[in-house]
Every structure is written in structure tokens, then in C-alpha cells.
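Here the structure comes first, spelled out in C-alpha cells, and everything after it is commentary.
Here is the naming used below: chain letters follow the sequence lines, and residue numbers restart at 1 for every chain.
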There are 2 protein chains.
Amino acid sequence: MLRLTKKADYGLMALKYLAEHAGEPSLSAKDIAEAYHIPPQLLAKILQKLTREGLLRSHAGMNGGYSLSRDAKEISAFEVIRAIDGPLFITSCTTGTSTCDLTASCTIKEPLARVNESIVELLRNTRISDLLDHSGREEAPPELVTIASVS
Amino acid sequence: MLRLTKKADYGLMALKYLAEHAGEPSLSAKDIAEAYHIPPQLLAKILQKLTREGLLRSHAGMNGGYSLSRDAKEISAFEVIRAIDGPLFITSCTTGTSTCDLTASCTIKEPLARVNESIVELLRNTRISDLLDHSGREEAPPELVTIASVS
DNA sequence: TGAACTCAGACTAATTTAGTCCTATACTCA
DNA sequence: TGAGTATAGGACTAAATTAGTCTGAGTTCA
Ligand code: SF4
Ligand code: SF4
């Protein structure tokens, strides 16, 4: 529970990838899917959704593909998640389909809404550019990590 | 997605209820379930789990039931959620069962772990006593740690 | 034209969550 | 002591959500 869907996960990966390759003209869904071993058709749908929501620009036809519609600094994780999975509620009250029928007697709805808002705020403050790897301490020892680049 | 399970939800309600009725000796699962119209057997299991995790004290037999094992101020929403649903990960990497097989190539795992940690921190700072209804009160907003500020 | 794309929706499969059932055990009080 | 009320716990089914597939379009461009 309290888990991101894989679709949102894939979407974030794709956007990060596009941000890293901002120079190149256009990357196809297939390109990105292969880079990360994501099911290509699934990623295609995700990118389509992101395009519809205005986060990406698409280009059909040969050598077509996707590119960010804004700078990576201007796209928040929250937008991505919402575009893919719809509005974010940690409670089941307002899922759209099948509202929790305890809403009348429920007393924690409102306090949890505040927690919800905090999480949204947190995701809003997390931008695609923040996902970019400038602290690669995972695999091979990074060459020359300066103090400046860490802070 | 990013939704609390109803079980966790019910658990929080129950704990809040117990906190409100701290004076009374012992409230049975049935009592609480009826107060909120929660399926009694389901709530029973939840309370059992919370007892096993040490958040509640149980008392079998007539006029038995449950009571908080600590003050409401000392129990965080995070503990409740973890007790009921297990460890909290927003990504699917480490669910225990069926790890995401992209872990090798995935590049957003680590940044998302930081987001995860922020959410955990937020929930850790939300206590049962915070759910109690002091409407209008301006509580100290839980600290927001953004990725950017984590540098 | 046709290869390489995006776009869209319906569909199925897999997984997770919600809720039930049934039995055993513990405690209390008359 | 034994009837009644409660917790404890496992196995099970049902419902909902998520993941992924398939099919058939419409675009672009060389
Ligand atoms: S109404 Fe109360 S119980 Fe129902 S989903 Fe909202 S918070 Fe959870
Ligand atoms: S490995 Fe990457 S893709 Fe797989 S779950 Fe973790 S974050 Fe999401």
C-alpha cells in the first residue's frame, strides 16, 4: 500500500531519460522501452497519456517520438503521477468510483486529508531534474565528485 | 495508487476511538466496529495484529476488549500502518514478494527512495493524538523534506 | 508506396485488497 | 463448573485494482 503504480514509475523513468537526452531530436517509445526493458506497448500508452496531459510533445511518423514540452526543472513528479494515475488521494473516500460508504461516520477523513496535502506538496516540490543523477554513488566509483557537485 | 489500504484506515479509526475513550476500561472489537460500521470480523483481525505488534493491549473474556498500550501522543500513524500493512515502500522494488526485475537498470530507484523516506518521516511525525478533533487548531505542520533540500 | 512511428480502445491476466467462515482458546461471573 | 463473551488465528472466497496484450487505425517522410 501507499505504493506508486509501475505505470507512474515507468513514466518517471521515461521523463528522466528524455531529460537526459534533451539534445537529441526525438526518442521513440520503443527506444526508451528498450533502454530500460519496459514492455514497449505499455510504455507507449503511458507516453500517450503524458502527451495528452501536455507534459510531452509527440511527433508521429518515421523518426518520430517524444520530447519534453517543458524544461525538466518545470515538471514535477506530482504532475506525472497525476497524469498517469489520476488525482492523488491516500484515502479511498474519493476515488471517483465507489466512494467509501463510511464518509458519514468517519472521523479521520479530515486529518488524513491534511497528510494527503503534505504528500502532494512533497511531490510537487520534486521535479524531474531532481531525479537526474548527480550523485552516482551506486555503481562504479564516480570520477571526481567535488564538494560543489554534492551540495 | 499511493493509497492507504482500508485496513490501515480502519486501524487508525479504531486507535483514535480508543484514544478518545481512554478512560473507559476496555472496548471490544464489536463496539468499535459498530460505532463506525466497519465489518466486525475484519476489524477484529486488525486489532489482533496491532496487539501482536505491541500497540494495543488485549483482554479476553467477558467485558474484555482492547486499550492503547501507550499514550496517544506516543503512537505514530507510521507505526499503525506498518503494523497492519508491513513496511512502507512507494516503489515496487522491495515488496518482499516479487521484486521488480528492473532494479538493475533502474535509475530512479535511489531518488525515489529519498521521497519514500520523506513520506515515512511525515507519517512518523503524525501521531494518533493529532487525529483527535481539535478543529481550528493550527498544529505545527509536519516538516517537509524535499529532495532538493536533502542535498 | 511502405517502413517506422503515434494514437486509441477493448481485452485478458496477474496481483493485491477486502471481507467471510470456522475453529480454538482465554477469561469472567453467576 | 459451565454458560457466555471475548480474543486469536488460519484458510478461504470475492472484489477491485494494476499490469500487460492485441488489434486497428492515422501520420510522416523518404
Ligand atoms: S471515509 Fe474515512 S474510512 Fe472511508 S476512506 Fe475516507 S478516511 Fe478512510
Ligand atoms: S526498480 Fe525502478 S522501476 Fe522497479 S520498482 Fe524500483 S523504482 Fe520502480
* Checking side chain to side chain contact (heavy atoms under 4.5 Å, CB included) against B:L18, which of B:L56, B:L55, B:I128 comes through? ->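 Of B:L56, B:L55, B:I128, side chain to side chain contact (heavy atoms under 4.5 Å, CB included) with B:L18 is met by B:L56 alone.
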
* Is it the case that A:K16 and B:T107 place a side-chain donor and acceptor less than 3.5 Å from each other? ->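 Short answer, yes.
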
Rounding to an integer number of Å, can you tell me how far [X] [atom1] sits from [N] [atom2]?
X: A:I46; N: D:dA19; atom1: CD1; atom2: C1'; answer: 9 Å
X: A:L4; N: D:dT17; atom1: CG; atom2: P; answer: 17 Å
X: B:K30; N: D:dG4; atom1: NZ; atom2: P; answer: 15 Å
X: B:R57; N: D:dA6; atom1: CZ; atom2: C1'; answer: 18 Å
X: A:R3; N: D:dA16; atom1: CZ; atom2: P; answer: 20 Å
X: B:L50; N: D:dA8; atom1: CG; atom2: P; answer: 11 Å
X: A:L56; N: C:dC7; atom1: CG; atom2: P; answer: 9 Å
X: A:I84; N: D:dT18; atom1: CD1; atom2: P; answer: 13 Å

* **Most 5' of B:G65 and A:M62 on DNA chain D, judged by nearest nucleotide** =>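 The answer here is B:G65.
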
* B:R114 and B:E110 ion-paired at < 4.0 Å ->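 Looking at B:E110 together with B:R114, the answer is yes, because their closest N to O distance falls below 4.0 Å.
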
* Side-chain ion pair, A:E79 and A:R127, N-O less than 4.0 Å ->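 Looking at A:E79 and A:R127, the cut-off is not met.
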
Does [N] have OP1 or OP2 under 4.0 Å away from a side-chain N or O of [X]?
X: B:R52; N: D:dG9; value: yes
X: A:S58; N: C:dC7; value: yes
X: B:Y66; N: D:dA8; value: yes
X: A:H59; N: D:dC29; value: yes
X: A:Y10; N: D:dG20; value: yes

* Asked: 5'-most contact on DNA chain C: B:Q41 or A:M1, nearest heavy atom basis?
  ->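 Between the two, 5'-proximity favours A:M1.
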
* Residue closer to the 5' end of DNA chain C, A:L2 versus A:A60 (nearest nucleotide) ->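 First, find each residue's nearest nucleotide; the 5'-ward one identifies A:A60.
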
* Of the non-hydrogen atoms in A:N116 and A:I90, which two are nearest, and what is the gap between them? ->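 What the structure gives for the nearest pair is OD1-N, 2.6 Å.
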
* Asked: So do B:D9 and A:L112 actually touch side chain to side chain, heavy atoms under 4.5 Å?
  ->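 Side chain of A:L112 against side chain of B:D9, heavy atoms only: contact under 4.5 Å found.
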
* If you check every side-chain atom of A:T5, which of C:dC5, D:dA19, C:dA18 has the closest atom? ->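 Per side-chain heavy atoms of A:T5, the pick is D:dA19.
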
* Asked: Nearest to the side chain of A:S28, which nucleotide is it out of C:dC5, C:dG19, D:dT7?
  ->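 Between C:dC5, C:dG19, D:dT7, the one nearest the side chain of A:S28 would be C:dC5.
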
* With a non-hydrogen cut-off below 4.0 angstrom, is B:A44 in contact with a base, only sugar-phosphate, or nothing? ->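 The answer is nothing, as B:A44 stays clear of every strand by at least 4.0 Å.
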
* C:dG19 base / B:K6 side chain donor-acceptor hit below 3.5 Å ->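 In this structure, the two groups form no donor-acceptor pair.
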
* To do: State whether the distance check finds a donor on one side and an acceptor on the other, under 3.5 Å, for side chain B:K45 versus base D:dG10.
  =>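 Present.
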
